[in-house]
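Working notes for the structure below.
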Amino acid sequence: MSYKKIIPYINAETEVPANVLKLVQAYANGGADELFLYNYSKDEKSREEFLSLAKEVTKDIDLPVIVGTYVKRFEDIKKAIYTGAASVMVKYPMLEDKEVLKEAAERFGPDKIKVELDMLEFMDFEEDVCQILEEAGIGTVLIKHVALSSKTKAKLEQAPVKVIVRDSLVRNDIGSLMSLSNVVGVSTNFFENKDILKAKYALKADGIEVNAFESRIPFSEFKLDAGGLIPVIVQDYRTEEVLMLAYMNEEAYNKTVMGGRMTYYSRSRNTLWLKGETSGHFQYVKELVLDCDKDTILAKVLQVGPACHTGEQSCFHTELVKKNYKTADTLHVFNDVYGVIMDRKLNPKEGSYTNYLFDKGIDKILKKCGEEATEITIAAKNPGANGGELRYEIADYLYHLMVLMAECGLDWEDVTRELAHRK
């Protein structure tokens with residue numbers, strides 16, 4: 001379903017990195033749909049530092065991040081994309097070679113490149129800028145300093161590309177901006193230390209479609225125990241680790257849905273409790289799923305800190321019975337092997353082949369990756385292999401690839417996030 005987005009912006013040029021990361025987390029946990037992080041400094045050192053920060057931001061949260069940076073040539077856009085950005089914002093007046101936009105749109109796709117315009121540039125250029133941008137393959141423009149008038153509204157709604165309005169919401173009302181048919185989102189700094197979800201429900205009440213939690217099945221259809229409660233199994237949305245078991249009544253459920261943070265009913269104290277209210281270990285809702293009998297909820301959450309009051313990550317940490325078994329989760333296997341490789345890098349072990357590769361350096365590691373890639377080709381062409389030889393060579397290659405990743409500071413989360421962006 002298409003919905004209008006609230007996109008907080010952060011000027012990284014005027015903020016220290018620690019504050020940026022803190023603000024990013026607050027927005028991500030508070031209901032933002034995307035983030036717009038920018039620093040248009042022309043200074044090379046400042047740009048490199050900013051792109052490094054952008055990479056940290058995209059790795060830290062799972063929201064799409066628009067990265068705005070000074071662009072002189074195609075390589076500048078490529079560097080910004082490689083931070084993990086969902087898209088790159090280019091400031092139109094600062095771009096000398098406009099052909100760069102077309103080249104970037106053709107290489108990365110129209111949704112990956114956005115262009116920022118001032119309202120005067122949008123309204124008063126002799127040529128229709130949006131028409132030029134559409135022909136270059138640009139799908140979205142961000143327009144700032146908007147003064148709403150009948151002429152402005154008409155121009156915005158007739159633009160041949162999608163529009164994001166950047167506004168501090170001091171003079172303009174967010175509902176008035178979002179009600180314009182061609183406006184797909186509002187980028188603002190208004191919601192710093194404010195409740196984004198509350199604003200979304202107000203917009204929804206005004207008939208504007210936004211991405212806010214809404215239960216598809218009413219609580220009245222749940223099967224409850226004798227005390228009017230339903231058990232909730234809580235799971236980390238990334239690792240799928242089971243964190244805890246708690247209970248909800250209708251009020252706790254509604255507060256969870258409306259507020260985006262897990263709220264439970266305490267059977268011992270006969271009262272509601274917001275998880276993390278005293279400890280700071282909040283659980284931010286990612287997904288709520290009802291089981292087939294409608295008598296148990298599975299909650300997938302972003303857990304801040306440990307879930308258990310003992311300080312353990314999960315309440316399920318006391319082992320009772322265990323049989324040795326092989327994990328069937330492919331990503332866990334990759335992470336486990338990568339973990340061993342990283343441990344060798346940090347804690348060298350005498351006689352370790354992995355340490356031998358690290359000691360020899362990047363050229364040796366690259367040479368081995370090339371050799372193993374060739375072995376894969378030979379195995380695949382061998383008619384009598386029946387897959388066994390090929391399987392062995394692929395495993396060899398993946399091991400050496402992980403050594404290369406560790407040497408270059410990448411992990412599987414970096415790679416899987418990049419794949420997810422392309423999905």
Side-chain angles (χ1 to χ4, degrees), residues 5 7 9-15 20 34-58 64-146 152 155-156 158-167 182-187 418 421-422:
K5 298 177 181 179
I7 308 170
Y9 67 75
I10 302 172
N11 183 355
E13 193 171 353
T14 60
E15 287 282 0
V20 170
E34 294 185 27
L35 289 177
F36 174 31
L37 181 69
Y38 68 92
N39 180 343
Y40 292 117
S41 171
K42 291 185 178 182
D43 176 67
E44 191 73 30
K45 184 173 183 293
S46 297
R47 272 193 291 162
E48 290 300 323
E49 289 174 351
F50 169 65
L51 292 177
S52 178
L53 173 63
K55 183 178 179 181
E56 197 171 345
V57 166
T58 60
V65 179
I66 305 167
V67 171
T69 185
Y70 171 68
V71 171
K72 186 174 182 179
R73 54 193 182 278
F74 173 74
E75 289 295 318
D76 296 322
I77 292 180
K78 191 162 71 169
K79 283 183 180 180
I81 289 286
Y82 289 169
T83 65
S87 58
V88 176
M89 186 72 71
V90 180
K91 207 166 188 176
Y92 194 71
M94 296 179 74
L95 182 64
E96 296 174 11
D97 182 5
K98 304 301 194 266
E99 286 298 309
V100 168
L101 293 176
K102 186 175 182 180
E103 184 182 0
E106 288 176 351
R107 170 65 177 84
F108 298 112
D111 293 334
K112 287 284 189 178
I113 313 299
K114 295 177 172 61
V115 168
E116 179 177 318
L117 296 169
D118 190 276
M119 189 68 204
L120 293 176
E121 296 158 356
F122 175 68
M123 295 291 290
D124 298 337
F125 267 28
E126 291 181 11
E127 297 179 275
D128 189 332
V129 183
C130 287
Q131 188 67 45
I132 295 170
L133 294 175
E134 184 195 30
E135 290 170 2
I138 305 303
T140 306
V141 297
L142 178 144
I143 300 171
K144 61 180 183 178
H145 304 143
V146 172
T152 303
K155 181 85 171 177
L156 288 169
Q158 291 165 11
V161 292
K162 293 178 286 188
V163 175
I164 297 171
V165 174
R166 177 179 154 181
D167 198 280
N182 206 29
V183 171
V184 296
V186 171
S187 184
E418 179 59 34
H421 281 315
R422 303 181 185 192

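Not measured: the values here are computed from a predicted model.
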### Nearest heavy atoms of K112 and A86, plus distance in Å
CD-O, 3.1 Å
### Task
Determine, stepwise, if the pair E116 / Y40 fulfils side chain to side chain donor-acceptor pair (under 3.5 Å).
CA-CA 11 Å; E116 179 177 318; Y40 292 117; 2.9 Å; yes
### Message
Using a 3.5 Å distance criterion without hydrogens, assess whether the side chain of T58 forms a donor-acceptor pair with backbone atoms of T83.
### Response
yes
### Task
Verify the distance criterion only: is there a donor paired with an acceptor across the side chains of E418 and Y82 at less than 3.5 Å?
no
### Query
At what distance, to the nearest 0.5 angstrom, does SG of C130 lie from CD of Q158?
11.0 Å
### Query
Do you know which of D118, V71, I132, I138 makes side-chain contact (heavy atoms from CB on, under 4.5 Å) with Y92?
I132
### Task
Enter the distance from L120:CG to K144:NZ here, rounded to the nearest 0.5 Å.
11.0 Å
### Minimum heavy-atom distance A85-V67, with the two atoms named
CB-CG2, 3.5 Å
### Message
Return the CG to CZ distance between L133 and F122, rounded to the nearest 0.5 Å.
### Response
10.5 Å
### Query
Cation over ring, R166 on Y9, under 6.0 Å and within 45°?
yes
### Gap between atom CD of E103 and atom CZ of R73 - 0.5 Å precision
12.0 Å
### Summary
All heavy atoms of L142 vs all of S187, minimum pair found to be CD1-CB, 4.2 Å
### Query
Please walk me through it: do K114 and T140 pass side chain to side chain donor-acceptor pair (under 3.5 Å)?
CA-CA 5 Å; K114 295 177 172 61; T140 306; 4.8 Å; no
### Query
Going through the distances and angles, do E49 and K45 end up as a salt bridge (Lys or Arg N to Asp or Glu O under 4.0 Å)?
CA-CA 6 Å; E49 289 174 351; K45 184 173 183 293; 2.6 Å; yes
### Query
Quick one: does I66's side chain get under 4.5 Å of L35's, heavy atoms only?
no
### Query
Is the shortest heavy-atom distance from the side chain of K72 to the side chain of K42 under 4.5 Å?
no
### Task
Check whether more than 12 heavy atoms from other residues, nucleotides or ligands sit under 6.0 Å from atom NZ of K102, and answer yes or no.
no
### Query
Taking C-beta and beyond as the side chain, do R47 and T69 meet within less than 4.5 Å on heavy atoms?
yes
### Query
Considering all heavy atoms of both residues, which atom of E44 and which atom of K79 are nearest to each other, and what is their separation?
OE2-NZ, 4.3 Å
### Task
Using atom types as modelled and distance alone, determine if a side-chain donor or acceptor of N39 lies under 3.5 Å from a backbone N or O of F50.
no
### Query
Applying the side-chain contact (heavy atoms from CB on, under 4.5 Å) test to I164, which of V186, I143, V184 qualifies?
V184
### Task
Answer yes or no: is there a donor N or O on one side and an acceptor on the other, between the side chain of N182 and the main chain of V161, under 3.5 Å?
yes
#### Entry: Close side-chain approach of L37 to V57, heavy-atom, < 4.5 Å
yes
### Query
How many angstroms lie between OH in Y38 and CD1 in I10, if you round to the nearest 0.5 Å?
10.0 Å
### Query
Which pair of heavy atoms, one from K162 and one from D111, lies closest together, and at what distance?
NZ-OD1, 4.0 Å
#### Entry: From NZ (K91) to CD (E121), nearest 0.5 Å
8.5 Å
